[in-house]
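Have a look at the structure below before the remarks.
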Protein chains: 2
Amino acid sequence: MNQTRGSPAPLPIRTIDVIRRKRDGEELSRAEIEYLVRAYTIGEIPDYQVSAWLMAVILRGLSRAETSALTDAMLRSGDVLDLTEFSAKKVDKHSTGGVGDKTSLVLAPLAAAGGLVVPMISGRGLGHTGGTLDKLESIPGFNVNLSVPEFRRVLAACGCAMIGQTAEIAPADRKLYALRDVTATVESPYLICASIMSKKLAEGIDALVLDVKTGSGAFMKEEKDAVFLAELMVETGERMGKAIVALITDMDQPLGSQVGNSLEVIEAIDVLRGAGPEELRELCLELAGWMFVLGGVVDSVADGKTRAAELIQSGQALEKLRRMVKLQGGDEGVIDNPERLPRSRYTLTVNSPASGWIASINCEAVGTACVVLGGGREKKEDGIDPAVGIVLHRKAGDAIRAGETLCTVHYNSEARARRAQEMLLNSYHVADEAAPVRKKMLVHRVIRGSGGK
Amino acid sequence: MNQTRGSPAPLPIRTIDVIRRKRDGEELSRAEIEYLVRAYTIGEIPDYQVSAWLMAVILRGLSRAETSALTDAMLRSGDVLDLTEFSAKKVDKHSTGGVGDKTSLVLAPLAAAGGLVVPMISGRGLGHTGGTLDKLESIPGFNVNLSVPEFRRVLAACGCAMIGQTAEIAPADRKLYALRDVTATVESPYLICASIMSKKLAEGIDALVLDVKTGSGAFMKEEKDAVFLAELMVETGERMGKAIVALITDMDQPLGSQVGNSLEVIEAIDVLRGAGPEELRELCLELAGWMFVLGGVVDSVADGKTRAAELIQSGQALEKLRRMVKLQGGDEGVIDNPERLPRSRYTLTVNSPASGWIASINCEAVGTACVVLGGGREKKEDGIDPAVGIVLHRKAGDAIRAGETLCTVHYNSEARARRAQEMLLNSYHVADEAAPVRKKMLVHRVIRGSGGK
């Protein structure tokens, strides 16, 4: 070896050592994690080594420093949008997924109406949950596949834009997610955090409000798991210099009354008109309140909620939606005439076999019933029927008499409707009148990092 | 789906479920393990799924039933030799690997001389340890790559034969081992057990004596790890109907005095002549004693050792070796004239810098020094220099004076010799005379299953 001056060059990182160290529960350095993500993304490390590493992560976990290094490496595997041309704060909201969760459709125009810039990159339905892109596409003509320059143009014109992930955003996440999906390495809070946060931070945002769902319709059924993930995401966001808050919210029954793509667009428009189910409206105001706080528009969540209610009351929020729909190629006529959205040919009702109180609703089963109707995908290649879905007439805590309607099924296929009907009937648990159910708090708790106040 | 009579067909096993269940610490069924091994061996499951499963096994472990199902599936992935044509008991010995461990060269002819059939399939040097095949190949002309019919012919002619793994033996193990090697999933007692036992049981043996090494020169440095592996292998062997025993033996310093391929053949011949270092001779008698007990030749280990000593004394064991060498194409002249084996061009001595007692020898470092000299492989592609090695003149517990020789290095390359010399000097720990060292027991303990006595 030649003698050179100064300190010796660092030894090259070996993939096998990175796997072994994580297997043994050691903490990896930022350089090791960066090496792994970068080399894997460009095809220099084979899948079989990364899948062994992912399984070690599932079983050994990652430290906060490792999680943030992983998020950062995934973020920097692709383009990060530079939105510094907009003087307003760039603030987004992200939900971990649920049933009937149409808050994004309300919040993007509502926050934009309040002066924020909302560069929202969303996903499709996953499992039993709905996806914002699928809902938007039920609006005739609406294009979620904008190029980055088009996305920028819509943002400049109306303050909000809603698109799908582009090829340039976090390619490491796409490659890793595909591998996790086939190697039973999806269910790790650390990997979920890095996947979500790398994509959201690639939007070039200043602040992020996370809606972490828990309950029978959420991916995190247990509240402690939801809290763990929320804390991880908040810490990771703060380490990367973002203002961030996570709300742990209830997904023990569907959010609002309508589940299905067209049906959820209609309910979101209802909320922006000042109507819609109380709990849905309340959650939208709460989330908007936090967006306004993090975006520096108001000083308190109470003020933020008041501001959001005013923007709905004045019609400004609905106008933002109308403008965004038009700018993204959609039929703006649906705002005033929701019947222009796709509607199912048939409906049937599911009636209660007994009198009493609704003790609980198996929320995942309701989401799955919507998938069965054609409102979501059973296989990745499946198309979506935007018209189908479920309207819930009773929610947990409501009284019901035998023969009264629990919910209405909107369907286009008799066979699918029969399967969904049975699932829905089984998903309602009716208790006798002696044991009424207390309605659950919608927001279970709020999690901010040590840096926030 | 069509209606059929009787119970429904079992659902097909999905790879992802097998990975997930092991990830979650559940016990896999025999059918699941068989599916995984079979489908992987024929290329129906990709490496990236199996490596995730292997990492889950490393971190979650396997039950005894799972370990035996895995061993069985790997065994049945290839041919199992049928040696029922031989009326004598087929008994083998396997060592987990060490430094200076040439017992196989003594035991195969010794046990055959006692009336057993020894169909020994061995390996190459791995890491700092030597390999029986590499040692045998230092005998000019000796062919370790016999076909199965040739192997049978040698066994029939002299009762023992020593070859390398053929393509037909446990192909699942070869494929899995290659994957484990690059995914940091080697170090699992369950996977080590299945790998060793599947190959050994493919030899068509009735009984097996395991020599599980522990100490600074072994793969299992800690005795508890060696005991765990030994118990696992004994249980697995018994579940598969074999008579089996494991001896936990000392590898805290090299076995015998000579380390290196030619040098070890010479020392093995010495033992078969009734000479050689006392501890090496003692371990060979002990292991042979157990082979005779398991093979039904004698009733007690004491009787077995006496029988083995007689077979050495009478020259019958050495004659077996001479015959096997000739039958496998080797120069039988080496038996009487060991100088016909390859010898190094140069030697140098490593001398003690101080007076006192040898407190310990870093056994792995001695093994690595031999690799550095060219006696083992630093990379898989490397060739072997059969002539080089180390002769130890002092062992742990011996007294030494400053300037006296600790060991002699046999070398062909000056640069390699210098590296080895430094390693060897550092591997000896000389303590002052006030603290003499008690010699360690060679056999730490004997492990038999619940079925044995």
Side-chain angles (χ1 to χ4, degrees), chain A residues 1 13-26 28 32 35-36 39-41 43-62 127 175-192 219 221-222 225 378-380 415 419, chain B residues 1 13-26 28 32 35-36 39-40 43-62 127 175-192 219 221-222 225 378-380 415 418-419:
Chain A
M1 211 201 295
I13 295 169
R14 301 192 324 152
T15 308
I16 185 114
D17 294 330
V18 178
I19 304 170
R20 179 182 298 117
R21 275 161 46 67
K22 184 41 62 190
R23 176 197 78 188
D24 294 343
E26 295 174 21
L28 301 177
E32 285 173 311
Y35 157 77
L36 196 80
Y40 180 56
T41 307
E44 281 183 0
I45 302 180
D47 286 338
Y48 58 77
Q49 288 190 312
V50 174
S51 64
W53 182 80
L54 289 166
M55 184 58 80
V57 169
I58 287 266
L59 293 174
R60 291 296 200 174
L62 293 179
K175 202 167 167 184
L176 281 169
Y177 197 88
L179 185 61
R180 287 166 61 202
D181 199 33
V182 293
T183 55
T185 52
V186 169
E187 298 92 336
S188 156
Y190 311 99
L191 299 176
I192 293 171
F219 289 110
K221 311 281 183 220
E222 300 295 327
D225 297 332
E378 298 197 66
K379 295 191 303 293
K380 232 156 65 176
R419 280 176 62 202
Chain B
M1 214 200 294
I13 295 169
R14 300 192 323 151
T15 308
I16 186 117
D17 294 331
V18 178
I19 305 171
R20 180 183 297 118
R21 276 163 45 67
K22 184 40 62 191
R23 178 196 76 189
D24 294 344
E26 295 172 21
L28 301 177
E32 285 174 312
Y35 157 78
L36 196 80
Y40 180 57
E44 280 183 1
I45 303 180
D47 286 337
Y48 58 78
Q49 289 189 311
V50 174
S51 64
W53 181 80
L54 289 167
M55 183 57 80
V57 169
I58 286 266
L59 293 174
R60 291 296 200 175
L62 293 179
K175 202 167 167 184
L176 282 169
Y177 197 88
L179 185 60
R180 287 165 62 202
D181 198 34
V182 293
T183 55
T185 53
V186 169
E187 298 92 336
S188 156
Y190 311 99
L191 299 176
I192 292 171
F219 288 110
K221 312 281 184 219
E222 300 295 328
D225 297 332
E378 298 197 65
K379 295 190 304 292
K380 233 157 64 177
R418 273 197 305 269
R419 280 175 62 203

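Chain identifiers are assigned alphabetically (A, B, ...) following the order of the sequence lines, protein sequences preceding nucleic acid strands; residue numbering begins at 1 within each chain.
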- Message: Name the residue from B:Ile19, B:Val18, B:Ile13 that meets the side chain to side chain contact (heavy atoms under 4.5 Å, CB included) definition with B:Thr15.
- Response: B:Ile19
- Task: Quick one: which of B:Leu179, B:Asp47, B:Leu59 has the most heavy-atom pairs under 4.5 Å with chain A, could you say?
- Result: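 Looking at each option in turn, the highest pair count goes to B:Leu59.
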- Flag if over 12 foreign heavy atoms under 6.0 Å of CD, B:Glu26: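 Result for CD/B:Glu26: enclosed.
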- Item | Proximity breakdown for B:Leu54 and chain A, heavy-atom pairs closer than 4.5 Å |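 It is neither, since no heavy atom gets under 4.5 Å.
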- Query: Of the backbone (N, CA, C, O) and the side chain (C-beta and beyond), which part of B:Asp181 lies under 4.5 Å from a heavy atom of chain A, both, or neither?
  - Reply: backbone
- Message: Are the side chains of B:Tyr35 and B:Glu32 in contact, using a 4.5 Å heavy-atom criterion?
- Response: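 No, side chains not in contact.
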- Task: For B:Tyr190 and B:Ile58, run side chain to side chain contact (heavy atoms under 4.5 Å, CB included): C-alpha distance rounded to whole Å, both residues' side-chain angles, the deciding distance at 0.1 Å, then the answer.
- Result: CA-CA 8 Å; B:Tyr190 311 99; B:Ile58 286 266; over 6 Å; no
- Below 4.5 Å from any heavy atom of chain B, which atoms of A:Asp17 appear? Answer side chain, backbone, both or neither. neither
